[in-house]
Amino acid sequence: MPETRAELPRRIPVLIVGAGPVGLALAAELGWRGVPCLVVEQGDRSNEIPRTNAVGVRTMEFCRRWGIADLVRNAGFPPDYPHDFVYVTSITGHEIARVNRPTHGGVKPSPVSPERAQRCNQLWFDPILRDLASGFPSVALHYWSRFESFEESDNGVVADITDVKTGRRVRVAADYLVACCGGRSSIRDQLDIKMEGIGVHDYPVNVSLDVKNLTSFHDKGRVAMFYIVGSQGVLSTLESQDGADHWRLSVVGGSKPMDVAAFDVDAALLRAFGAKIPYSLRNIVSWTRRSLVAQRYGGPRVFLAGDSAHQNPPDGGGGMNTGIGDAVDLGWKLEAMVKGWGGPNLLASYNIERQPVGILSVAASTRMMQRRVLAPEASICEQGEAGEHSREKLRQTIMGSGSLFNADKVGLGYCYEASPVCCPDGTPVPEDGPDYVPSTRPGARAPHAWLRDGRSILDLFGRSFVLLRLGVDAPEGRAFSEAARARAVPLETVAIVEPEIRALYHSPLVLVRPDGHVAWRGDALPRDALAVIDRIRGAALPA
Ligand SMILES: Cc1cc2nc3c(=O)[nH]c(=O)nc-3n(C[C@H](O)[C@H](O)[C@H](O)COP(=O)(O)OP(=O)(O)OC[C@H]3O[C@@H](n4cnc5c(N)ncnc54)[C@H](O)[C@@H]3O)c2cc1C
């Protein structure tokens, strides 16, 4: 049971509303940075029906930084369990197509990251994050504490919080408030920020169930997710939750919410299984599939993160992962403000950097969702030649759309192009392609490479800005360290001699931000290093 400390602090630098994965990730990131924060959660999350399974590659890189990557890797699926998706007429029926996902799961090294995407259901992932966050002395985590409303001034916010168990209400003053309170955020409403996009695709029903040794009933082997196809297209998905007996059937919905009480679970499972297979039911829920992004992510004192800011269709597993990216972008900027070295424009860059990522991520999930809109021929489930022909035709359609969701591209490939706190180097925007291309273009995630000592170069980033001096004849970087010292900006200089990393990193000097994105790069020191430091800490507006 989550710990609740007795007294709420009455003054705190950062107040976080919601202890879902995004609120917990933000608390962990701030705790890791030693920034005091308070998380209030209206319940204890025990009634939460777990949704997320897919922990993306970038989230795993953050988990690596926080020291919990092994815990996540070992808490979800068995490491050797394949992450494959298989399209079938039923799990005991015909196999139509198999999408192998070789960069997901397991421990085999990826060429572009020291980590690999994993499957770790929220059942395990959230408690790992919660234990991490609550282990930091600067983090106070209060369950059964409901945020009611706030008043914002130039200096901060004052929020009313109710102790749900006693009804007692207290006022908490904070410098910054972050809404991690999910899709129905009352903070977003109070800021009068509208969501844009598609409010309802459909109203699916999720059935969580246990089936003892399901693989022994069919011939498809170990599969992460089955797409069950009928002549109308994809009818449902059956997704493993733990690489063992726990499964979730997600039945595609209509344009009206389904009546869960009247939902015929036996019939839906019989259609998916294609045979009578014994199961025990955990729960049934109806939910809404949406593609929405907030018009803006807030500021100057109140910010939206996670589902408060964007709601992805779950396809491709983008929602939580994008939200955790929001948390990491905010984390170092809040640290900079609380510790006094952040400039007045730094937090405005949160919206400018993250809202386009929300739009990209929701668009990618929506494209992935459209894979469900298949138009099979009427004979798709039939035995014999006509059926075989329909299945082959559909297989070609599915495999032809294989690049719709390239997880590395979605998770690692975005660049904060318009950021006012990154310094463009004048090179043209590269052409957009389907694959992730490592880049040190200012705004991009600094690419992974293995150092000679066995660490990833990513292991150097996080605590401070890092000036990389790449190659044996890299210019010295003293002007940057002196400028950073003058502004109390934490900056470390690291020499990298590996020639292959010098080649990968494009320039001999690359300045990387605490979130691992490139702030500046050049062949020589800039004429005015102080001006660069002022810009990347948000103290100077771009010329
Ligand atoms: C079926 C399904 C499968 C999914 N699978 C994936 C996946 O595999 N990978 C992925 O990345 N995403 C997935 N998603 C999306 C993912 O679930 C969400 O993006 C993610 O849970 C959002 O996290 P959050 O912390 O922003 O919000 P939430 O998880 O909604 O948490 C918000 C919290 O705020 C609390 N709260 C709300 N109001 C208040 C208040 N006034 N005071 C105090 N507390 C409050 C709530 O009680 C709640 O605990 C899936 C979604 C669905 C529907």
Side-chain angles (χ1 to χ4, degrees), residues 2 15-27 38-60 76 83 104 117-122 125-126 129-130 141-150 159-164 177-190 201-208 224-225 237 239-241 248-251 253 285-290 292 304-327 358 361-362 364-365 368-369 407 410-411:
L15 172 61
I16 300 168
V17 178
V22 176
L24 291 172
L26 179 58
L38 164 67
V39 186
V40 290
E41 165 57 52
Q42 62 190 352
D44 67 355
R45 303 261 309 163
S46 58
N47 287 335
E48 177 76 13
I49 306 276
R51 289 172 279 169
T52 70
N53 272 313
V55 180
V57 63
R58 187 66 176 140
T59 301
M60 283 304 292
H83 287 206
H104 286 241
Q118 300 291 332
R119 292 180 84 76
C120 178
N121 192 278
Q122 242 178 322
F125 188 64
D126 287 7
L129 278 181
R130 183 196 66 213
L141 196 46
H142 281 253
Y143 289 88
W144 302 110
S145 301
R146 188 174 59 233
F147 164 91
E148 304 291 354
S149 61
F150 70 92
D160 286 329
I161 315 284
T162 302
D163 181 323
V164 174
L177 168 66
V178 188
C180 301
C181 44
R184 295 198 193 92
S185 171
S186 63
I187 299 177
R188 190 182 64 227
D189 292 344
Q190 216 188 313
H201 289 291
D202 66 330
Y203 292 96
V205 168
N206 278 7
V207 180
S208 277
M225 175 129 88
T237 55
E239 185 178 6
S240 177
Q241 306 296 290
R248 179 170 68 206
L249 182 77
S250 185
V251 180
V285 287
S286 164
W287 53 283
T288 313
R289 198 187 324 261
R290 310 176 192 277
L292 292 173
L304 309 178
D307 273 22
S308 300
H310 43 78
Q311 289 157 48
N312 296 46
D315 309 70
M320 175 194 75
N321 290 301
T322 306
I324 290 180
D326 299 339
S361 164
V362 168
S365 299
M368 176 80 175
M369 179 200 78
V410 175

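Whatever order the structure lists ligands and atoms in, that order sets their numbers, starting from 1. Residue numbers count from 1 along this sequence.
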Looking at ligand 1, does any of its N/O atoms fall within less than 3.5 Å of an N/O of [X]?
X: Ala54; answer: yes
X: Gly43; answer: no
X: Gly317; answer: yes
X: Arg51; answer: yes

Handout entry: Gap separating the CG atom of Asp163 from the CZ atom of Arg146, nearest 0.5 angstrom
Key =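 Output value for this atom pair is 10.0 Å.
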
Practice task
Rounded to the nearest 0.5 Å, what's the gap from CZ on Phe150 to CD1 on Ile187? Could you check?
Solution key: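 CD1 of Ile187 is found 6.5 Å from CZ of Phe150.
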
Handout entry: Min heavy-atom dist Arg248 to ligand 1 below 4.0 Å
Key =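 True for this residue.
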
Practice task
Check whether any heavy atom of Gly183 sits under 4.0 Å from an atom of ligand 1.
Solution key: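 No.
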
Exercise for the section: Have a look at Arg119 and tell me which of Glu239, His83, Gln241 forms a side-chain hydrogen bond (donor to acceptor under 3.5 Å, both in side chains) with it. Expected result: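 Single pass found, and it is Glu239.
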
Problem - Nearest option to atom 20 (C) of ligand 1, as decided by whichever heavy atom of Leu304, Thr322, Asp307 sits closest - result: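 Minimum heavy-atom distance to atom 20 (C) of ligand 1 goes to Asp307.
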
Exercise for the section: Could you tell me whether Ser250 approaches ligand 1 through its side chain, its backbone, both or neither, with non-hydrogen atoms closer than 4.0 Å? Expected result: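 Contact part for Ser250 vs ligand 1: neither.
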
Handout entry: Arg45 and ligand 1 - part of the residue with a heavy-atom distance under 4.0 Å
Key =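 Arg45 to ligand 1: side-chain contact only, backbone stays beyond 4.0 Å.
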
